[in-house]
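Bear in mind that the values here come from a model prediction, so they are computed numbers and not experimental data. The analysis underlying the following values was restricted to heavy atoms, covering all of them including side chains, and did not include hydrogens, waters or symmetry mates.
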There are 4 protein chains.
Amino acid sequence: MAESEKISDKRQALLQATLELVSNHGFHNTPMAKIAKIAGVSAGTIYLYFDNKQDLIDSLYLEMKASFTDAAFKDYNPDKSVKEGFAQIWKNMAAYKMNHVQEALFLAQCDNAPMISDKVREKGLQHLQPLLNLWERGRHEGILRDVSPYLLYAYTIYPISFFAAVKNRDEFDLSKDMYQHTFDMAWNAIKAI
Amino acid sequence: MAESEKISDKRQALLQATLELVSNHGFHNTPMAKIAKIAGVSAGTIYLYFDNKQDLIDSLYLEMKASFTDAAFKDYNPDKSVKEGFAQIWKNMAAYKMNHVQEALFLAQCDNAPMISDKVREKGLQHLQPLLNLWERGRHEGILRDVSPYLLYAYTIYPISFFAAVKNRDEFDLSKDMYQHTFDMAWNAIKAI
Amino acid sequence: MAESEKISDKRQALLQATLELVSNHGFHNTPMAKIAKIAGVSAGTIYLYFDNKQDLIDSLYLEMKASFTDAAFKDYNPDKSVKEGFAQIWKNMAAYKMNHVQEALFLAQCDNAPMISDKVREKGLQHLQPLLNLWERGRHEGILRDVSPYLLYAYTIYPISFFAAVKNRDEFDLSKDMYQHTFDMAWNAIKAI
Amino acid sequence: MAESEKISDKRQALLQATLELVSNHGFHNTPMAKIAKIAGVSAGTIYLYFDNKQDLIDSLYLEMKASFTDAAFKDYNPDKSVKEGFAQIWKNMAAYKMNHVQEALFLAQCDNAPMISDKVREKGLQHLQPLLNLWERGRHEGILRDVSPYLLYAYTIYPISFFAAVKNRDEFDLSKDMYQHTFDMAWNAIKAI
DNA sequence: CATGAATGAGAATTCATTCAT
DNA sequence: CATGAATGAATTCTCATTCAT
């Protein structure tokens with residue numbers, strides 16, 4: 001037990017160090033040596049847990065995506081109305097990203113730069129299915145605009161990344177009590193007229 | 001004249017090569033030697049036009065931002081209604097990004113990764129003032145929701161980057177005749193109730 | 001007994017694994033970790049049986065040399081004629097190398113590259129004395145050319161390594177029934193005129 | 001002219017340094033940094049002339065093979081008798097290897113260890129054709145034993161490498177006036193009875 | 001202005017060896 | 001005896017930048 005915990009610890013420390021460094025300084029400007037140092041392990045140790053730098057980044061990406069989608073569907077009940085269900089998911093996502101700005105920045109970086117292969121990117125999307133199902137139902141019920149999920153995503157989920165970025169720069173903080181207000185904007189964008 | 005044109009040509013070729021390489025392969029994976037090769041000049045020549053790699057990227061960023069905002073305010077008449085004016089700007093922006101996917105990807109990359117200093121980023125925003133003015137007027141006139149421009153931006157302009165990204169991946173193309181439809185979604189998000 | 005057998009087993013497995021890997025992939029391209037894996041033991045275990053990598057190689061070299069010379073003098077009777085005695089030894093050597101190509105390649109590699117110290121190399125030669133004695137007698141009896149044993153070796157024993165190498169590359173196989181024919185060539189090279 | 005000479009100089013210096021180091025210390029134990037130092041250039045400079053370490057070794061191998069075969073066929077006249085022709089080639093080869101021991105050791109190392117790909121090895125053989133033609137003629141004329149060229153090679157050319165190796169170890173030097181004597185041994189091995 | 005060979009610091013990665021368990 | 005995770009020095013290779021021409 002202590003064994004496997006320790007092993008897990010080192011892997012986790014490496015992922016954490018990578019998250020910190022990459023989100024603050026970018027993929028370039030994040031040498032393996034620095035990652036090892038921050039993680040408190042030797043440079044060679046990285047290669048006990050990851051094949052190479054790309055694999056480290058990919059692994060972190062998938063872990064972050066999983067962590068995000070886990071949070072997204074917390075307390076989500078598919079039996080409730082489309083609006084209620086979507087509000088739950090959206091607020092979960094917004095809360096997660098505002099409370100985990102570093103993770104949000106890392107994911108935004110991966111999603112907007114050619115750092116991650118398409119294959120890994122697709123794998124990262126697999127946990128989003130419940131939201132796609134909800135949207136499908138919403139379109140079917142005439143609650144949502146009858147448009148591509150890409151449009152629904154662009155006007156509701158994608159903007160959250162922007163909130164994280166500006167919060168990080170101390171420019172604008174989507175404080176907690178504004179979630180409802182901001183959710184309304186998202187909802188107005190996609191609801192059927 | 002022929003002299004200065006030639007010089008300008010090389011500078012332009014270098015910016016163009018950088019755009020191509022960075023948007024396709026990322027900042028890392030874009031060595032100076034490759035930029036020079038694509039631009040058809042010698043590696044040393046880059047340093048006649050730019051101080052260093054960072055300066056090259058910064059310059060390209062500012063040039064792209066300027067080009068984008070130039071397009072954004074084409075045929076914009078501040079005297080028209082807020083909705084008409086905003087529709088003009090939004091459609092200009094959408095059309096520009098969908099027709100210049102590479103530029104869009106490059107800007108998205110710069111805006112979402114720590115490649116560009118805050119100083120340069122701010123400088124890139126300076127041409128956006130007319131839009132901020134319009135939004136201010138819209139809020140004043142009670143046409144727009146009385147919220148931070150960051151929110152207005154997040155729900156109207158920011159999503160356009162996403163459309164460019166998915167178009168680039170051949171996943172979803174916001175074709176021309178959908179601009180009105182898609183604009184409506186943006187407008188619904190920010191209009192006062 | 002079972003104890004010491006087990007130990008011996010591991011030592012032997014390590015030597016065998018080293019033989020395989022070095023003869024197929026060379027000294028470089030044969031990491032200790034791979035040797036351990038092929039031998040079915042842990043990396044650390046190597047150092048229970050050998051001081052370091054060099055010692056492992058040296059030990060294998062000496063073992064292979066001993067094994068080769070053991071085979072070489074099988075059924076050798078010093079009382080027979082020089083030609084008969086030499087034929088016995090030569091055919092033993094040829095048969096051994098053609099039936100143990102991997103060993104032959106390993107020895108050739110050690111003998112032609114600076115992998116083995118001169119001290120160890122000399123130690124590997126010590127079992128060859130009966131052949132040197134036979135040659136000495138042959139020269140004395142006027143049966144053999146009166147030349148340095150280096151020349152006798154070069155024209156009779158050394159070529160066998162070449163046969164092993166080309167057999168390994170599937171280029172040419174000195175099949176069994178050709179031993180007599182091929183021996184004649186060796187004999188003609190060194191016999192007195 | 002001075003330009004291309006200088007460039008050629010650096011490439012040549014790198015090949016020479018590699019020859020020295022590899023033949024004395026082996027492929028492993030020859031780091032690129034040491035090669036650069038001996039050649040009097042910076043480490044990075046190696047990669048202006050060679051793709052990687054393997055390419056450097058391959059290039060040296062081919063250069064050495066070409067140099068050797070050039071020397072081998074000096075003053076060779078295909079119109080002379082088989083024995084005279086072969087004597088010319090054999091003595092050229094022996095003289096070359098005894099006067100260029102380092103080159104000989106390097107080639108022996110490459111030929112006896114998996115350092116060189118089969119493709120490159122075959123390429124290195126292409127200049128040996130005149131000798132193969134001569135042997136073919138010799139077998140046809142009944143002058144030579146009717147055996148595979150592999151056997152002819154093993155008993156005449158291959159032993160020369162051994163002479164170079166022992167000369168290098170100061171054990172035995174095939175001095176000039178012994179060439180005829182030693183050639184006779186080779187000839188006796190392969191001549192028809 | 002322009003070149004491009006050369007540099008050398010720094011990056012990713014490997015691997016012989018150790019040592020706590 | 002045996003393990004195998006961990007180390008960190010060493011290795012290969014890259015690349016931004018310089019400078020003699």
Side-chain angles (χ1 to χ4, degrees), chain A residues 2-4 6-7 9-11 27-37 39-56, chain B residues 3-4 6-7 10-11 28-37 39-56, chain C residues 3-4 6-7 10-11 28-37 39-56, chain D residues 2-4 6-7 9-11 28-37 40-56:
Chain A
E3 274 293 304
S4 65
K6 241 185 250 165
I7 291 169
D9 274 2
K10 248 160 214 179
R11 200 189 123 97
F27 182 94
H28 76 288
N29 288 335
T30 299
M32 296 299 259
K34 216 185 269 182
I35 293 173
K37 195 170 189 180
V41 302
S42 168
T45 302
I46 299 180
Y47 296 88
L48 294 177
Y49 296 97
F50 304 97
D51 290 343
N52 47 45
K53 194 175 182 181
Q54 189 61 53
D55 181 43
L56 170 57
Chain B
E3 277 290 303
S4 65
K6 242 186 251 165
I7 292 168
K10 281 190 180 160
R11 201 188 122 94
H28 75 289
N29 288 337
T30 299
M32 296 296 259
K34 215 186 269 181
I35 293 172
K37 193 172 190 181
V41 303
S42 163
T45 301
I46 299 180
Y47 294 86
L48 296 176
Y49 296 96
F50 304 96
D51 290 343
N52 48 44
K53 194 176 183 180
Q54 189 60 52
D55 180 43
L56 170 56
Chain C
E3 276 291 302
S4 66
K6 241 185 251 165
I7 292 168
K10 281 189 182 162
R11 200 189 122 95
H28 75 288
N29 288 337
T30 298
M32 296 297 258
K34 216 187 267 183
I35 293 173
K37 193 172 190 181
V41 303
S42 162
T45 302
I46 299 180
Y47 294 87
L48 296 176
Y49 296 96
F50 304 96
D51 291 343
N52 48 44
K53 194 176 182 180
Q54 189 60 52
D55 180 43
L56 170 57
Chain D
E3 275 293 304
S4 65
K6 240 185 253 166
I7 291 170
D9 275 2
K10 249 161 215 180
R11 199 189 123 97
H28 75 289
N29 288 335
T30 299
M32 296 299 258
K34 216 185 270 183
I35 294 174
K37 195 169 189 180
V41 302
S42 168
T45 302
I46 299 179
Y47 296 88
L48 294 177
Y49 296 96
F50 304 97
D51 289 344
N52 47 46
K53 194 175 180 180
Q54 189 60 53
D55 181 43
L56 170 57

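- In this structure, I46(A) CD1 and K53(A) NZ are separated by 9.5 Å, a value rounded to the nearest 0.5 Å.
- Under the ring pair (Phe, Tyr, Trp, His ring centres under 6.0 Å) criterion, Y47(B) pairs with no residue, sequence neighbours left out.
- For the residue pair N29(C) and K34(C), the shortest heavy atom distance occurs at O-NZ, 4.1 Å.
- The distance from atom CZ of F50(D) to atom C1' of dA5(E) is 15 Å, rounded to the nearest whole Å.
- Taking a pair as Watson-Crick or G-U with both hydrogen-bonding distances under 3.5 Å, the stems of three or more pairs touching DNA chain E are E:2-21 with F:2-21.
- Atom CG in D9(D) sits roughly 14 Å away from atom C1' in dA5(E) (whole-Å rounding).
- Rounded to a whole Å, the CD1 atom of I46(D) is 17 Å from the P atom of dC15(F).
- V41(D) has its side chain out of reach of L48(D): every pair of non-hydrogen atoms, C-beta onward, lies at least 4.5 Å apart.
- Applying the 4.0 Å criterion to OP1 and OP2 of dA2(F), one finds that K10(C) has a side-chain N or O inside that range.
- The separation between K37(C) atom NZ and dA2(F) atom P is 20 Å, rounded to whole Å.
- Spacing between atom NE2 of H28(A) and atom P of dC15(F) amounts to 13 Å, rounded to whole angstrom units.
- The side chain of Y49(D) sits closest to dA5(E) out of dA5(E), dG4(F), dT7(F).
- Between G40(A) and L48(C), the residue whose closest nucleotide on DNA chain F is further toward the 5' end is L48(C).
- Rounded to whole Å, the distance from NZ on K34(B) to P on dT14(F) is 11 Å.
- Atoms CG and CZ, on L56(A) and F27(A) in that order, are 8.5 Å from each other to the nearest 0.5 Å.
- Residue L56(B) contributes atom CG, which lies 10 Å from atom P of dA16(F) at whole-angstrom precision.
- Per the geometry, CG belonging to D55(B) stands 14 Å off C1' belonging to dA16(F), to the nearest Å.
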Output one line per pair: protein atom, nucleotide atom from nucleotides 13-16 of chain E, and distance, for all N/O pairs under 3.5 Å.
from: dT13(E); atom 1: OP2; to: Y47(A); atom 2: OH; distance (Å): 2.8
from: dT13(E); atom 1: OP2; to: K53(A); atom 2: N; distance (Å): 3.0
from: dT13(E); atom 1: O5'; to: Y47(A); atom 2: OH; distance (Å): 3.4
from: dA16(E); atom 1: OP1; to: K53(C); atom 2: NZ; distance (Å): 2.9
from: dA16(E); atom 1: OP2; to: M32(C); atom 2: N; distance (Å): 2.4

